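The structure appears below as structure tokens.
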Amino acid sequence: MEKTTENLLIWYAKHKRNLPWRESINPYQIWLSEIILQQTRVDQGTAYYLRFISAFPTVFDLAKADEESVLKLWQGLGYYSRARNLRLAAQMVVEKFNGQFPTSYDLLLTLKGVGPYTAAAIASIAFNEPVPVVDGNVFRVISRLMASDLPIDRPSGLKFTREQMLRLIPSNEPGNFNQAVMELGAMVCKPVNPDCNACPIQTQCLAHASKITSNLPVKAGKQKVTALNIRYAMVIFKDQIMVRLRSEKGIWQGLYDFPELTFEHDEIGCLHEAESLFGTKMTFVKRSSTFTHLLSHRRISADVFVLQAEQLPIIGKDCQLIALSALTTVPVPRLVEKMLPLAENLI
DNA sequence: AACGCGGGGAG
DNA sequence: CTCCCAGCGTT
């Protein structure tokens, strides 16, 4: 067993809080507590848990309650669909599973209001299935332990966290391990001012070793979407295409893209601007599936118009001029990442 | 992939 | 005051 796992289990056995739902491994009680604790702090949820257990001691009592009384008991907790799904799930357990909670992660997932986190929590705590939980605490502990800067709100960060938990989880007591990681996140490895001196895995913690604990976990956050309507001139000469280096100011500083035209948004304006810019008569001939494909492949939505000069302009024989109109709704930070390789491909 | 759900705490 | 939290269902 990993030293990290061992230290966590020993620490948990000694320091875990005495919470009412930890007094048994009855799946009904584990399930009820996990639903209540979704998006809810322990000190707010505890009183609700006790009232629910008192009003509905078994899953049968909850299944035959009317929705009104369940909602009344839930009053003040928020996210009321949890309460409605709670009753529906209880009815599913009674009707589809003969009153016995399903014992596997996959079957637990079929219950209303039970998603990947809750199914893993119940399966591991009540049925010893070695499936890792991933919640906010786990994201924090794992990203710091491994000094991972993968964004936890993106698929890459979720995948990494699951893999690391899978690596560390012991098959003999997965429930205690899952709870240990979450408890550590709640009590020691806190979002701000973590108590690293009290941490049982400080020695293994790569963030602590690099003194970057306060920078983790990393979140990509909501990307602000900015619409940009850009018209490019693409000047192609034989097997070469003209790109320009953007200035050091504004977006895409120092990156390559095509020469930008500043004309109005309709095609006629585009035509006139291009004609005066390049000093020759021009006309639209077709939409270019090639460039549309090039851009959409890179997840930039774009309209592409191809202009063909009647006479080949400035550069001379074998030169083709193309105007490319790109209306993008890509988050600016992402577009920056994509512009450089796009230009590099064409250079 | 993005949004809505809600009360509570932080800034 | 506004912003953010964090699992789940829906679209």
Side-chain angles (χ1 to χ4, degrees), chain A residues 21 30-49 51-52 67 70-93 102 105-125 131-143 150-162 165 178-179 181-187 189-194 214 216-227 296 298-301 328-335 337-338:
Chain A
W21 49 87
I30 302 297
W31 163 73
L32 179 59
S33 71
E34 291 296 346
I35 299 297
I36 289 175
L37 291 175
Q38 286 169 11
Q39 300 92 28
T40 305
R41 288 170 175 78
V42 166
D43 46 9
Q44 190 198 6
T46 302
Y48 284 85
Y49 172 80
R51 286 197 287 271
F52 264 84
E67 191 181 273
V70 177
L71 283 170
K72 180 66 182 170
L73 213 50
W74 197 269
Q75 189 172 32
L77 258 190
Y79 281 112
Y80 294 92
S81 64
R82 285 188 292 168
R84 286 186 286 270
N85 286 334
L86 192 74
R87 175 169 158 276
L88 293 175
Q91 291 174 348
M92 289 175 71
V93 170
Y105 173 84
D106 288 338
L107 281 177
L108 286 161
L109 260 188
T110 66
L111 297 176
K112 279 280 189 185
V114 175
Y117 165 76
T118 307
I122 301 170
S124 66
I125 297 169
V131 48
V133 294
V134 178
D135 76 343
N137 292 308
V138 175
F139 276 128
R140 193 165 55 253
V141 171
I142 292 297
S143 70
L150 293 174
I152 61 168
D153 54 354
R154 291 284 182 275
S156 61
L158 177 62
K159 181 167 173 286
F160 178 80
T161 306
R162 255 202 302 257
M165 285 293 283
N178 280 336
Q179 293 185 87
V181 178
M182 293 190 286
E183 190 82 344
L184 187 77
M187 308 302 292
C189 197
K190 296 171 290 184
V192 295
N193 301 323
S214 60
L216 297 173
V218 169
K219 285 184 195 173
K222 287 171 287 214
Q223 308 239 22
K224 286 209 168 178
V225 170
T226 305
S296 64
R298 295 177 182 279
R299 308 171 72 91
I300 298 171
S301 94
T328 111
T329 51
V330 174
V332 168
R334 294 220 184 174
L335 192 51
E337 296 166 14
K338 293 175 190 310

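Sequence lines set the chain letters: A, B, ... in the order given, protein chains first and strands last, and positions in each chain run from 1. What you see is a predicted model, and the numbers here were worked out from it, not measured in a lab.
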Expressed in angstrom and rounded to an integer, what is the separation of [X] atom [atom1] from [N] atom [atom2]?
X         : N      : atom1 : atom2 : value
Leu158(A) : dA6(C) : CG    : P     : 14 Å
Leu32(A)  : dG7(C) : CG    : C1'   : 16 Å
Tyr117(A) : dG9(C) : OH    : C1'   : 18 Å
Leu86(A)  : dG9(C) : CG    : C1'   : 15 Å
Leu37(A)  : dG7(C) : CG    : P     : 11 Å
Glu34(A)  : dC8(C) : CD    : C1'   : 14 Å
Arg154(A) : dA2(B) : CZ    : C1'   : 11 Å
Met182(A) : dC5(C) : CE    : P     : 19 Å

Discussion item. Taking any heavy-atom pair under 4.0 Å as a contact, classify Val134(A): base, sugar-phosphate, or nothing.
Written reply: sugar-phosphate
Worksheet entry | Distance, nearest 0.5 Å, that separates CG of Leu107(A) from CD1 of Ile122(A) | 12.0 Å
Worksheet, complete the sentence: To the nearest 0.5 Å, atom CD of Gln44(A) lies from atom CG of Leu77(A) at 5.5 Å
Discussion item. Would you measure the distance from the P atom in dG11(B) across to the matching atom in dA6(C) and give it in whole Å?
Written reply: 14 Å
Fill in: Whole-angstrom distance between dT11(C) and dG6(B), as gauged at atom P
15 Å
Practice prompt. Kindly indicate, with the supporting measurements, whether the criterion side chain to side chain donor-acceptor pair (under 3.5 Å) is fulfilled by Glu34(A) and Tyr117(A).
Written response: CA-CA 9 Å; Glu34(A) 291 296 346; Tyr117(A) 165 76; 2.8 Å; yes
Worksheet entry | Non-hydrogen side-chain atoms of Val181(A) and Asn137(A) separated by less than 4.5 Å | no
Worksheet entry | Close side-chain approach of Trp31(A) to Val93(A), heavy-atom, < 4.5 Å | no
Worksheet item: When the aromatic ring centroids of Trp74(A) and Phe52(A) are compared, is their separation below 6.0 Å?
Response: yes
Discussion item. Just N and O in the side chain of Lys219(A): are any of them under 4.0 Å from OP1 or OP2 of dC4(C)?
Written reply: no
Worksheet item: For nucleotides 4-11 of chain B, read 5' to 3', which letter fits each nucleotide if B means a protein heavy atom sits under 4.0 Å from the base, S means only the sugar-phosphate is that close, and - means neither?
Response: -BBSS---
Worksheet entry | Toward the 5' end of DNA chain C, by each residue's nearest nucleotide, Pro191(A) or Leu109(A) | Pro191(A)
Discussion item. Check whether Asp153(A) reaches the backbone of Lys219(A) with its side chain - one donor and one acceptor, N or O, closer than 3.5 Å.
Written reply: no
